[in-house]
Amino acid sequence: MTSRRVFLSLLASAPLRAKASPIRSIETFRVDYPTQGRFRFFRNGVRFSVFVKVTCEDGSSGWGQSVPMPTWSYETPESVVTAIREYMAPALIGRDSADIQGAHRAMNAAISPSFSTGMPIAKAGIDLALHDLIRQPLAAFWKRTPLKELTLSWTVNPATLEDTEKSVEEGKRLGYRHFNVKLAPDPKFDIEMCRIVRRLAPNAFFWGDANGGYQPEQALAVAPKLADLGMNVFEQPVAANRLTAFRDLKKLGAIPILMDEGVVSSVELREFIALGLLDGIAMKPARTGGLFDARRQIELARENGLMVLGSGLTDPDLSLAASLQLYAAYGISEPCALNGPQFLSAVSYLQRPLAARSGAIAVPAGSGLGVEVKEDDIRARAAR
């Protein structure tokens, strides 16, 4: 059975909401979060976010969240708000809120793709809100048995080699047993940093992410050295458009190669698999336009024997809840690089904030995304 037929069979077998209702309104709320610690993608101590509320004619509502990070991708909080208010919302008003596949078709018609899905981080906010409208736990909706908690990985992103040991020890003190490191652009620094991490955590699942920061010749040279240090996977070693370098790294076979930034939709993932460019994917619902296509990508990857690891965009609140629901439903047992609890302060707009404990995080058990927002706080903060 092809991956498309598998995915369509999953859709057919999933029950609809108890009562479908047309979409009446879509609202956006710019609400940012203060950050803590050093992380390469943050500027001025702020993590951008846009809450999205979808309200239906029957009075029901669902909440989602877009998490733009301009230092990582091209979307900004301003572009997210504009794309939703001026283009996606008009295309969705009056549509059946239970028809998530149709909603994606309408959004993609309103903002077309270039190489891949256009404005995927903005679209993810609406996708999450539509999933939040589902009146049962998402794992049950998908006919899957979820994990109750997920193991987390601690992100090591030091400015100096001296800071490396401090970061690892801080993670261990908080109960983390597994570590991921930010690599590039300096291979010499990276090798020494990884040597320190592996020495301090000899039994950890060890995950390196270059965020596309190496040149192809650098990545080919460093891959065997990372493997010799016991690194388990090497994520996004070169920029997303350096496809021949991915092919060469895969052919080298020194260490499993994961794609991240370059896989936005299942369309290019299918092509990349056919071309033999990767050993797995680092999944991010925020990057893929939300949960709808993220599920399709997981099914496709597993059908082709590829690794699927859980990752994120330093997700706060609803974006984190969506990732937890997805990874738990699909039984991802490897440590997930969900570092929102690590790098975001204690500020939360949930009635019951999500928190890491002893290197793990519980999966919310309610319907939809499993959490409830503090709407008054969101509206007040957005107004300020």
Leu226 versus Cys194: any side-chain heavy-atom pair under 4.5 Å?
-> yes
Salt bridge flag under 4.0 Å for residues Arg195 and Glu192 | yes
Examine distances only and state if a side-chain atom of Arg198 and a backbone atom of Ala204 form a donor-acceptor pair shorter than 3.5 Å.
-> yes
Show me the donor-acceptor pairs within less than 3.5 Å that the side chains of residues 80-92 make with the rest of the protein, sequence neighbours left out.
residue	atom	partner	partner atom	Å
Thr82	OG1	Glu78	O	3.1
Arg85	NE	Thr28	OG1	2.8
Arg85	NH2	Thr28	OG1	3.3

Donor-acceptor under 3.5 Å (Arg43 side chain, Arg40 main chain) | yes
With Ser167, which residues qualify under side-chain contact (heavy atoms from CB on, under 4.5 Å), at least two apart?
-> Trp154, Val156
Quiz: residues 361-368 side-chain donor-acceptor pairs under 3.5 angstrom, not counting sequence neighbours:
none

Can you list every pair that meets side chain to side chain donor-acceptor pair (under 3.5 Å) and has a residue in residues 117-128, with sequence neighbours left out?
-> His104-Asp127, Asn108-Lys123, Asp127-His131
May I ask whether Leu338 and Val233 are part of the same hydrophobic cluster, defined by side-chain heavy atoms of I, L, V, M, F, W, Y residues being less than 4.5 angstrom apart, directly or through others?
-> no
Counting only N and O atoms by type, is there a donor-acceptor contact under 3.5 Å from the side chain of Glu334 to the main-chain atoms of Leu309?
-> no
Is it the case that one hydrophobic cluster holds both Leu150 and Leu354, taking links as side-chain heavy atoms less than 4.5 Å apart, direct or via other members?
-> yes
State plainly whether one hydrophobic cluster holds both Trp63 and Ile26, where clusters connect Ile, Leu, Val, Met, Phe, Trp and Tyr through side-chain heavy atoms under 4.5 angstrom apart.
-> yes
Quick one: side-chain contact (heavy atoms from CB on, under 4.5 Å) partners of Lys374, sequence neighbours excluded?
-> Gln351, Asp377
Quick one: do Lys53 and Glu375 make a salt bridge, cutoff under 4.0 Å?
-> yes
Under 3.5 Å donor-acceptor, Ser49 side chain and Val31 backbone | yes
Pairs flagged by side chain to side chain donor-acceptor pair (under 3.5 Å) wherever residues 170-184 is involved - sequence neighbours left out | Ser153-Asn180, Thr155-Asn180, Lys182-Asp209, Lys182-Asn211
Would you confirm whether Gln297, through its side chain, and Val264, through its main-chain N or O, come within 3.5 Å as a donor-acceptor pair?
-> yes
Please go through Phe48's hydrophobic cluster and name the other residues, only I, L, V, M, F, W, Y counting, with side-chain heavy atoms under 4.5 Å joining them.
-> Val46
Using the test side-chain contact (heavy atoms from CB on, under 4.5 Å), find all partners of Ile273 that sit at least two apart in sequence or belong to another chain.
-> Leu269, Leu278, Leu300, Asn304, Leu306
Work out which heavy atom in Pro77 is nearest to a heavy atom in Pro70; give both atom names and the distance.
-> CD-CG, 4.4 Å
Centroid-centroid under 6.0 Å between Phe42 and Trp72 rings = no
May I have the step-by-step check of salt bridge (charged side-chain N to carboxylate O under 4.0 Å, His left out) for Asp32 and Arg381, ending in yes or no?
-> CA-CA 9 Å; Asp32 299 336; Arg381 182 60 184 170; over 6 Å; no
Asp163/Arg38 ion pair, N-O < 4.0 Å = no
If you measure from the Lys or Arg side-chain nitrogens to the Asp or Glu carboxylate oxygens, is any gap between Glu235 and Lys284 under 4.0 Å?
-> yes
Given side chains that start at C-beta, do those of Cys336 and Thr151 come closer than 4.5 Å, heavy atoms only?
-> no
Please check if Val263 and Tyr327 belong to a single hydrophobic cluster, counting links between Ile, Leu, Val, Met, Phe, Trp and Tyr side chain heavy atoms closer than 4.5 Å.
-> yes
Side chain Gln218, main chain Gln215, donor-acceptor under 3.5 Å | yes
Report the C-alpha separation of Asp293 and Ser265 in whole Å, then their side-chain angles, then the decisive distance to 0.1 Å, and conclude whether the side chain to side chain donor-acceptor pair (under 3.5 Å) test is met.
-> CA-CA 7 Å; Asp293 201 68; Ser265 82; 5.0 Å; no
Atom pairs and distances, side-chain donor-acceptor, residues 312-324, under 3.5 Å, sequence neighbours left out:
residue	atom	partner	partner atom	Å
Thr314	OG1	Asn339	OD1	3.0
Asp315	OD1	Ser319	OG	2.7
Asp315	OD2	Leu313	N	3.1
Asp317	OD1	Ser348	OG	2.8
Asp317	OD2	Tyr33	OH	2.6
Asp317	OD2	Tyr349	N	2.8
Ser323	OG	Ser319	O	3.3

Can you name the ring-ring contact (aromatic ring centres under 6.0 Å, His included) partners of Phe205, sequence neighbours left out?
-> none
ring-ring contact (aromatic ring centres under 6.0 Å, His included) contacts in which one or both residues fall within residues 234-258, not counting sequence neighbours | none
Sequence neighbours excluded, which residues qualify as side-chain contact (heavy atoms from CB on, under 4.5 Å) partners of Ser79?
-> Glu75, Thr76, Met119
Arg302 and Tyr330: side-chain donor and acceptor closer than 3.5 Å?
-> no
Salt bridge check: are Arg379 and Glu27 linked by an N-O gap of less than 4.0 Å?
-> yes
Within one Ile-Leu-Val-Met-Phe-Trp-Tyr cluster: Phe206 and Leu258, side-chain cutoff 4.5 Å | no
